[in-house]
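Take a look at the structure set out below.
Model, not experiment: these values are computed from the prediction. Lettering follows sequence order; numbering is per chain, from 1.
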Number of protein chains: 2
Amino acid sequence: MSNSKNIEDFAEIFKALSNANRLTIFLRLASCCRPGTVSLFDEENSAYVGELGEELGVVKSTVSHHIKELRRVGLIRTERRGQKIACWVDPDILAALKEFLSF
Amino acid sequence: MSNSKNIEDFAEIFKALSNANRLTIFLRLASCCRPGTVSLFDEENSAYVGELGEELGVVKSTVSHHIKELRRVGLIRTERRGQKIACWVDPDILAALKEFLSF
DNA sequence: TTTACTATTCGACATATATCGAATTATATG
DNA sequence: CATATAATTCGATATATGTCGAATAGTAAA
């Protein structure tokens with residue numbers, strides 16, 4: 001099935017989490033978008049690219065690059081909503097990750 | 001307490017698992033040395049540096065480098081037993097890792 | 001259609017990393 | 001002590017990565 005992952009897939013996932021800024025972004029996204037739920041980046045729950053960058057002290061292009069990487073390995077999913085980007089943590093991959101570490 | 005970890009610590013841990021060869025080494029070690037139990041690298045359960053290298057197709061020095069990295073971030077612990085190296089997965093850090101991904 | 005705001009892409013660069021082979025160190029045994 | 005075996009360290013190198021700033025693209029609203 002298309003969901004099965006091998007060693008290299010997991011290595012890529014870990015790599016996506018191996019940078020402190022990227023890991024912070026991931027946790028921030030996870031905190032505002034519970035796995036399985038799609039949260040908009042609205043006023044109360046703002047976490048769009050620009051703001052994430054300000055918090056971290058990196059420019060927008062870098063944040064965009066990191067988000068792209070998180071999405072590439074499947075950790076998060078994103079969708080444009082107007083000018084901003086909605087995102088959520090993929091619940092399946094989180095489960096797969098925990099399963100992977102269960103030995 | 002000395003066990004508490006911050007974002008950067010976890011990023012380092014993920015980085016240690018982000019290389020396919022290193023991840024393979026870690027899983028191989030985990031499979032022969034259950035967390036919390038210290039297993040020697042004896043004949044039946046051989047996983048010392050040289051053999052790990054042969055399996056992966058990398059030279060000893062590279063394996064040694066990877067093991068050093070896994071140890072540095074605390075994922076595994078090692079101890080010399082004669083000419084060979086005993087190792088085991090640190091159960092605490094595994095638990096911390098799973099806890100970290102529980103949100 | 002302008003203008004404003006947001007996100008992405010692109011090119012550049014400095015730094016980090018994976019890997020190898022040679023040299024060295026550690027341990028055991030003849 | 002000399003030899004053999006195992007692991008580490010060291011120096012070199014090619015590749016990957018994180019970051020920035022400028023340019024571009026997408027969306028909304030005046």
Under the side chain to side chain contact (heavy atoms under 4.5 Å, CB included) test, residues paired with A:Thr62 that sit two or more places apart: A:Val58, A:Val59, A:His66
Pairs meeting criterion side chain to side chain donor-acceptor pair (under 3.5 Å) with involvement of residues 6-21 of chain B, two or more places apart: B:Glu12-B:Arg72
Rounded distance in Å - [atom1] ([X]) to [atom2] ([N]):
{"X": "A:Glu79", "N": "C:dT8", "atom1": "CD", "atom2": "P", "answer": "13 Å"}
{"X": "A:His66", "N": "D:dA16", "atom1": "NE2", "atom2": "C1'", "answer": "14 Å"}
{"X": "B:Ile85", "N": "D:dT9", "atom1": "CD1", "atom2": "P", "answer": "10 Å"}
{"X": "B:Leu70", "N": "C:dT17", "atom1": "CG", "atom2": "C1'", "answer": "14 Å"}
{"X": "A:Leu56", "N": "D:dT19", "atom1": "CG", "atom2": "P", "answer": "9 Å"}
{"X": "B:Arg72", "N": "C:dA18", "atom1": "CZ", "atom2": "C1'", "answer": "14 Å"}
{"X": "A:Lys84", "N": "C:dT8", "atom1": "NZ", "atom2": "P", "answer": "13 Å"}
{"X": "A:Glu12", "N": "D:dT17", "atom1": "CD", "atom2": "C1'", "answer": "13 Å"}

Which nucleotide in D:dT8, C:dT9, D:dC20 has an atom nearest any side-chain atom of B:Arg71: D:dT8
Straight-line distance of A:Leu52 CG to A:Ile25 CD1, nearest 0.5 Å: 5.5 Å
Taking every non-hydrogen atom, the tightest pair across A:Leu17 and A:Phe26: CD2-CD2, 3.7 Å
Whichever of A:His65 and B:His65 has its nearest DNA chain C nucleotide further upstream toward 5': A:His65
Listed partners of A:Arg80 passing side chain to side chain donor-acceptor pair (under 3.5 Å), at least two apart: none
Side chain to side chain donor-acceptor pair (under 3.5 Å) partners for A:Glu99, two or more places apart: none
B:Arg81/B:Glu79 salt bridge by N-O under 4.0 Å criterion: yes
Sugar-phosphate, base or nothing in reach of A:Gly53, heavy atoms under 4.0 Å: nothing
Footprint string (nucleotides 21-30 of chain C, 5' to 3'): B base within contact, S backbone only, - free, heavy atoms under 4.0 Å: BB---SBS--
Contact residues, residues 15-25 of chain A to DNA chain C [heavy atom, < 4.0 Å]: none
Backbone N/O of A:Ala16 and side chain of A:Arg22: donor-acceptor pair under 3.5 Å: yes
Within-4.5 Å side-chain heavy-atom neighbours: A:Ile13 and A:Leu97: yes
